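Just so it is clear, the model here is predicted, and its values are computed rather than measured. Every chain is numbered from 1 and lettered A, B, ... according to where its sequence line falls, protein lines coming before strand lines.
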Amino acid sequence: MSKEIGITVKKDENFSEWYTQVVLKGQLADYAPVKGLIVLRPYGYSIWESLKSSLDEKLKSLGHENGFLPVLIPQSLLSKESDHFAGFTPEVFWVTHSGDTEVGDRLALRPTSETLAYSMYSKWIKSWRDLPLKINFWNTALRAEIKATKPFLRTSEFLWQEGHTVHSSKEEAEEEVFTILETYRKIVEEELAIPVIKGKKSEKEKFVGAVYTTTIEAIMPDGKALQMGTSHFLGQNFSKPFDVKFLDKQNVETFAWQTSWGVSWRLIGALIMVHGDDKGLVLPPRVAPIQVVIVPIYYSPQDRESVLGKSNVIKEILQKKNLRVHIDSRDEFTPGYKFNNWEMKGVPVRIEIGPKDLAKGKMVVVRRDNQKKMDLSFENTETGILDILGEVQLGLFERAKQFLTEKIIEVTDFEKFKSEIEKGGFLHSPWCGDTKCEEKIKELTGADIRVIPFDGKRSNAPCLICKNLSKTDAIFARGY
RNA sequence: AGGGACGUAGGUUAGCUUGGUCAGACUGCCAGCCUCGGGCGCUGGAUGUCGUGGGUUCAAGUCCCAUCGUCCCUACCA
């Protein structure tokens, strides 16, 4: 009856409003009392936990260890690497007082922890035997957002992990950068079912203070790009000001080679945008807090008992396969209400069991991604459900992959570029490599270089702006 | 950062132009019934410092100022 408890706008009619409703009504997060901050609710946090545990496991198997850094960084430390400081200072929150007393060296709420981490690393590293040092930190970062805040995509505080590694050679550090980027790709494509393009950022777009930045970039349904994760090669840019050095095997004091990298809860924002539909969230099974919801259908107390009994049996069978299963046995809601409610929350598979099903020895199974209904006999419970979950995970990825492929458009003509960018998408175009041309394109079209793909084709066409022969091709898009 | 719109019950909102029974509706919530398979039906009940702070006035949800917050369209960062 009431549509107001559901999503009231269509995804392709008012994307921004749709997104906000999905976040709030799907109970992923809510607004905090301070602008730009959100509260993660259990349903949203549990998606983060899924991501966190699979990434954490992968990092540990690569030899990384977890640590924890404090949230306050003295200005004197934050400003040691000047480019880095200049890049972050507009969005730093400052702590100026403790109680009523003004602090001398004011304290930044960390916008990122390179400076703090490396001031510690310089104390810990003495010899080549101390390397590599590979520490990951699960924490939050704070960057002031004055306007245009958006849950998960743009908030003043966000959950993330930041990894900081130190190596004795340039080669080993660069290898680390690429290993991490590949790890990110796997997480995003295999867990979140979101296809990405791997590549490098331009000089203009790289992390401030890095030698270069690698990235995985995804496309959203509105044709805008979203950076999904970055892995930076810092070279010796930080080891020099922070005195991160070691005695090498030849007893020569050497500055170390460093990397840093991170992914944030922005991935959850991407997940919502990429897979969601007019009914709400659509979660890939690998990260869904609830993978299978069972809606029992009954009228009489006798039916209630037998239907719930069978539901529990099914639940236990599936739990033995390590599936996350929930029975919605609330008496106060009708089955129809529950169907809509769990669809809004994106549960990948729903099982309906009623008296008629019991009589026939089967259940009704409904896929969230394509709404297909089918009968499944009780004997085939585990294989049937496991197969369907696998199909949903794959199906979501394939659909997103096809969208990405369609939206990558080769453009060598600037007039066509301008018209295409209005439609949204990834424009694969020649570029001379000069920041001036990149800036010109940004100024004229609003698009920037999102990624210079590693496996990019060479168009050998002239740069869109200066007409010099392109050094490389880049993917241009408007971004979040 | 620039432009536009808007804050009235948990949610969606009427009322504001023309200050004076204007504090209403729907939904949700609570209790009880109900053959509840796509937001079911019926009966009863609770819920508002009209975002906040000033001001004008005999009188402010309504007019003025400020402030906080939200949304939409452009410009920058995970």
Side-chain angles (χ1 to χ4, degrees), chain A residues 1-9 14-21 24-25 30-37 87-92 110-112 140-162 184 201 204-208 213 215-217 226-232 260-270 279-280 295-304 307 330-344 350-358 363-364 366 371 373 439 442-443 445-448 478-480:
Chain A
M1 171 106 186
S2 172
K3 292 277 187 276
E4 277 159 20
I5 49 178
I7 309 300
T8 58
V9 294
N14 189 345
F15 188 54
S16 183
E17 170 68 14
W18 171 89
Y19 178 84
T20 305
Q21 285 196 17
L24 297 179
K25 294 183 177 179
D30 203 351
Y31 292 110
V34 178
K35 181 179 173 60
L37 300 180
F88 277 106
T89 195
E91 41 189 359
V92 169
R110 66 163 160 254
T112 181
T140 65
L142 290 112
R143 299 178 192 174
E145 287 294 344
I146 313 122
K147 227 184 152 181
T149 65
K150 205 80 181 163
F152 298 118
L153 299 176
R154 184 177 298 174
T155 48
S156 287
E157 182 179 21
F158 51 89
L159 268 175
W160 74 343
Q161 57 71 216
E162 45 177 326
Y184 284 165
K201 286 286 186 186
K204 177 171 174 281
E205 301 291 332
K206 75 178 184 187
F207 176 71
V208 279
T213 288
T215 181
I216 50 174
E217 208 76 16
L226 188 67
Q227 179 176 306
M228 304 293 279
T230 46
S231 179
H232 316 293
S260 72
W261 26 274
V263 293
S264 77
W265 69 13
R266 194 174 246 193
L267 294 179
I268 297 178
K279 292 187 159 196
V295 178
I297 293 152
Y298 47 79
Y299 319 104
S300 65
Q302 298 91 307
D303 283 344
R304 184 177 193 278
V307 166
R330 294 175 293 179
D331 287 327
E332 65 270 30
F333 293 113
T334 62
Y337 176 93
K338 293 175 184 176
F339 297 164
N340 284 287
N341 193 242
W342 292 112
E343 279 166 358
M344 186 165 72
R350 175 175 81 240
I351 295 175
E352 304 170 16
I353 303 175
K356 294 172 199 166
D357 299 309
L358 285 186
M363 63 192 108
V364 176
V366 187
Q371 300 292 309
K373 257 188 201 196
E439 281 168 350
K442 172 75 176 172
E443 181 192 324
T445 68
D448 39 34
R478 289 178 179 161
Y480 272 91

Under 3.5 Å, which N/O atoms of the protein pair with N/O atoms of nucleotides 33-35 of chain B?
none

Of the listed nucleotides ([options]), which one gets closest to any side-chain atom of [X]?
{"X": "A:Pro335", "options": "B:G37, B:G38, B:C77", "value": "B:G37"}
{"X": "A:Glu352", "options": "B:A78, B:G38, B:U70", "value": "B:G38"}
{"X": "A:Asn340", "options": "B:C71, B:G38, B:C36", "value": "B:G38"}
{"X": "A:Arg143", "options": "B:G37, B:G39, B:C77", "value": "B:C77"}

Item to complete: Establish, for the pair A:Arg154 and A:Tyr480, whether the NZ or CZ atom is under 6.0 angstrom from the six-membered ring centre and no further than 45 degrees off its axis.
Response: no

Discussion item. Over all strands shown, is A:Lys338 touching base, sugar-phosphate only, or nothing at heavy-atom distances under 4.0 angstrom?
Written reply: nothing

Practice prompt. Quick one: label A:Arg330 by what it contacts on the DNA or RNA (base, sugar-phosphate, nothing), any heavy atom closer than 4.0 Å.
Written response: nothing

Between atom [atom1] in [X] and atom [atom2] in [N], what is the gap in whole Å?
{"X": "A:Arg478", "N": "B:U74", "atom1": "CZ", "atom2": "P", "answer": "7 Å"}
{"X": "A:Leu153", "N": "B:C76", "atom1": "CG", "atom2": "C1'", "answer": "15 Å"}
{"X": "A:Tyr31", "N": "B:C6", "atom1": "OH", "atom2": "P", "answer": "19 Å"}
{"X": "A:Asn14", "N": "B:C6", "atom1": "CG", "atom2": "C1'", "answer": "14 Å"}
{"X": "A:Glu332", "N": "B:G41", "atom1": "CD", "atom2": "P", "answer": "16 Å"}

Practice prompt. Hunt down any stem RNA chain B takes part in, defined as 3 or more consecutive Watson-Crick or G-U pairs whose two distances are each under 3.5 Å.
Written response: B:1-7 with B:68-74, B:10-13 with B:24-27, B:29-33 with B:41-45, B:51-55 with B:63-67

Is [X] near enough to [N] that one of its side-chain N or O atoms lies under 4.0 angstrom from OP1 or OP2?
{"X": "A:Tyr184", "N": "B:A78", "answer": "no"}
{"X": "A:Thr334", "N": "B:G39", "answer": "no"}
{"X": "A:Lys442", "N": "B:C76", "answer": "yes"}

Response to the item:
Walking RNA chain B from its 5' end, the first of A:Lys279 and A:Phe152 to be reached, judged by nearest nucleotide, is A:Lys279

Item to complete: Tell me which of A:Ser264 and A:Phe333 sits closer to the 5' end of RNA chain B, going by the nucleotide each one is nearest to.
Response: A:Phe333

Item to complete: Work out which heavy atom in A:Arg266 is nearest to a heavy atom in A:Gln227; give both atom names and the distance.
Response: CD-O, 3.9 Å

Item to complete: Work out which heavy atom in A:Ile353 is nearest to a heavy atom in A:Met363; give both atom names and the distance.
Response: CG1-CB, 4.0 Å

Item to complete: For residues A:Tyr298 and A:Asp331, determine if any side-chain heavy atom of one lies less than 4.5 Å from a side-chain heavy atom of the other.
Response: yes

Practice prompt. Please answer whether B:G39 and A:Phe339 are stacked, defined here as ring centres separated by less than 5.5 Å and planes angled under 30°.
Written response: no

Worksheet entry | Aromatic ring proximity A:Trp265/A:Phe158, centre distance under 6.0 Å | no

